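These notes are about the structure you will find just below.
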Amino acid sequence: MTSFKEKVIAIVQSAPYGKVVSYGQVAAYLGMPRGARQVGWILNATENSPGLLPWWRVVNNVGYLSIRGTKYHDKKLQRKLLVSEGVKVSEDFLLPMSVYRYRPSIDELKKFQLGKEYVDFLITKYRL
DNA sequence: ATAATGACATGTT
DNA sequence: TAACATGCCATTA
């Protein structure tokens with residue numbers, strides 16, 4: 001069972017310590033370039049199994065912590081966790097994507113089992 | 001089955 | 001620049 005949810009988890013887990021990834025990126029690496037919103041949905045509904053899912057490394061495309069506050073997580077905690085990893089997040093919950101965006105290598109992308117042409121598309125989109 | 005609800009992204013005003 | 005509108009699709013009710 002390689003459900004959407006499991007893929008989301010796998011991709012988010014690939015985001016390294018001290019880096020962040022956008023919802024759109026996660027969706028794109030899933031092979032669903034317009035599924036950003038669904039990624040957020042999954043994270044919102046998934047209870048954080050301690051240490052298994054680095055949900056705090058997912059932000060929106062402009063570097064803003066767009067989480068509104070849910071039963072499991074909240075914006076302030078996310079900021080705290082990111083800061084603890086060395087990511088500089090401003091008081092208004094904004095961080096510079098140009099500095100912290102996770103840019104997977106080609107090999108890492110292959111791990112997600114995507115077609116060659118699609119990989120090329122991702123490269124132009126996120127300038128890997 | 002159908003409709004409503006989002007931790008989004010992008011294009012247009 | 002910032003606000004608004006629209007497309008998106010997994011999940012729930």
Side-chain angles (χ1 to χ4, degrees):
Chain A
M1 160 181 178
T2 53
S3 67
F4 182 84
K5 179 175 177 178
E6 290 177 322
K7 289 180 185 172
V8 169
I9 292 174
I11 306 278
V12 173
Q13 285 177 332
S14 74
Y17 183 98
K19 288 289 182 180
V20 299
V21 63
S22 76
Y23 298 93
Q25 271 181 278
V26 175
Y29 301 155
L30 280 178
M32 196 173 299
R34 290 161 215 178
R37 212 167 175 177
Q38 292 63 258
V39 172
W41 213 103
I42 295 298
L43 296 181
N44 171 49
T46 303
E47 185 173 7
N48 183 23
S49 314
L52 290 184
L53 184 64
W55 57 269
W56 57 90
R57 295 184 192 141
V58 186
V59 302
N60 77 16
N61 203 41
V62 297
Y64 182 69
L65 278 47
S66 54
I67 169 174
R68 296 198 179 194
T70 67
K71 44 179 171 178
Y72 303 125
H73 320 301
D74 68 82
K75 198 186 287 185
K76 290 165 74 175
L77 172 60
Q78 182 175 19
R79 179 169 184 276
K80 192 175 110 184
L81 288 166
L82 285 172
V83 170
S84 76
E85 297 189 348
V87 178
K88 296 180 64 177
V89 185
S90 69
E91 289 297 329
D92 51 339
F93 305 99
L94 193 61
L95 63 86
M97 288 303 274
S98 59
V99 176
Y100 298 109
R101 188 194 292 277
Y102 165 47
R103 295 169 189 288
S105 66
I106 305 298
D107 281 344
E108 287 174 300
L109 284 179
K110 284 179 180 173
K111 191 178 68 170
F112 302 142
Q113 313 190 35
L114 304 166
K116 180 186 179 306
E117 293 178 10
Y118 188 71
V119 170
D120 288 339
F121 160 71
L122 292 179
I123 290 174
T124 59
K125 176 158 186 165
Y126 293 110
R127 321 107 219 223
L128 301 180

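The sequence lines fix the lettering, A, B, ..., with proteins before strands; numbering per chain opens at 1. Quick caveat, the model's predicted, so the values are computed rather than measured.
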Go along nucleotides 6-13 of chain C 5' to 3' and tag each nucleotide: B for a protein heavy atom under 4.0 Å from its base, S when only backbone or sugar atoms are that close, - otherwise.
-BBBSSS-
So which heavy atom on A/Ala27 is nearest to which on A/Gly35, and how close?
CB-C, 3.5 Å
Minimum heavy-atom distance between A/Leu114 and A/Leu109, given as atom pair plus value:
CD1-O, 4.1 Å
What is the separation between atom [atom1] on [X] and atom [atom2] on [N], rounded to the nearest whole Å?
X        : N     : atom1 : atom2 : answer
A/Leu94  : C/dA2 : CG    : P     : 11 Å
A/Arg79  : B/dA7 : CZ    : C1'   : 18 Å
A/Leu30  : B/dC8 : CG    : C1'   : 13 Å
A/Ile11  : B/dC8 : CD1   : C1'   : 17 Å
A/Lys75  : B/dC8 : NZ    : C1'   : 14 Å
A/Leu53  : B/dA7 : CG    : C1'   : 12 Å
A/Tyr126 : B/dC8 : OH    : P     : 14 Å

Does any N or O in the side chain of A/Arg57 come within less than 3.5 Å of the main-chain N or O of A/Val21, such that one atom is a donor and the other an acceptor?
no
Do A/Arg79 and A/Val83 come close enough that some side-chain heavy atom pair is under 4.5 Å?
yes
Between A/Lys125 and B/dA9, does any side-chain N or O lie under 4.0 Å from OP1 or OP2?
no
Less than 4.0 angstrom between a side-chain N/O of A/Asn60 and OP1 or OP2 of B/dA7, yes or no?
no
Between A/Phe112 and A/Tyr29, how do the two ring planes meet: parallel, tilted or perpendicular, split at 30° and 60°?
parallel
Select base, sugar-phosphate, or nothing to describe what A/Asn44 touches, counting heavy atoms under 4.0 Å on all strands.
base
Is any NZ, NE, NH1 or NH2 atom of the basic residue among A/Lys111 and A/Asp107 found under 4.0 Å from an Asp or Glu carboxylate oxygen of the other?
no
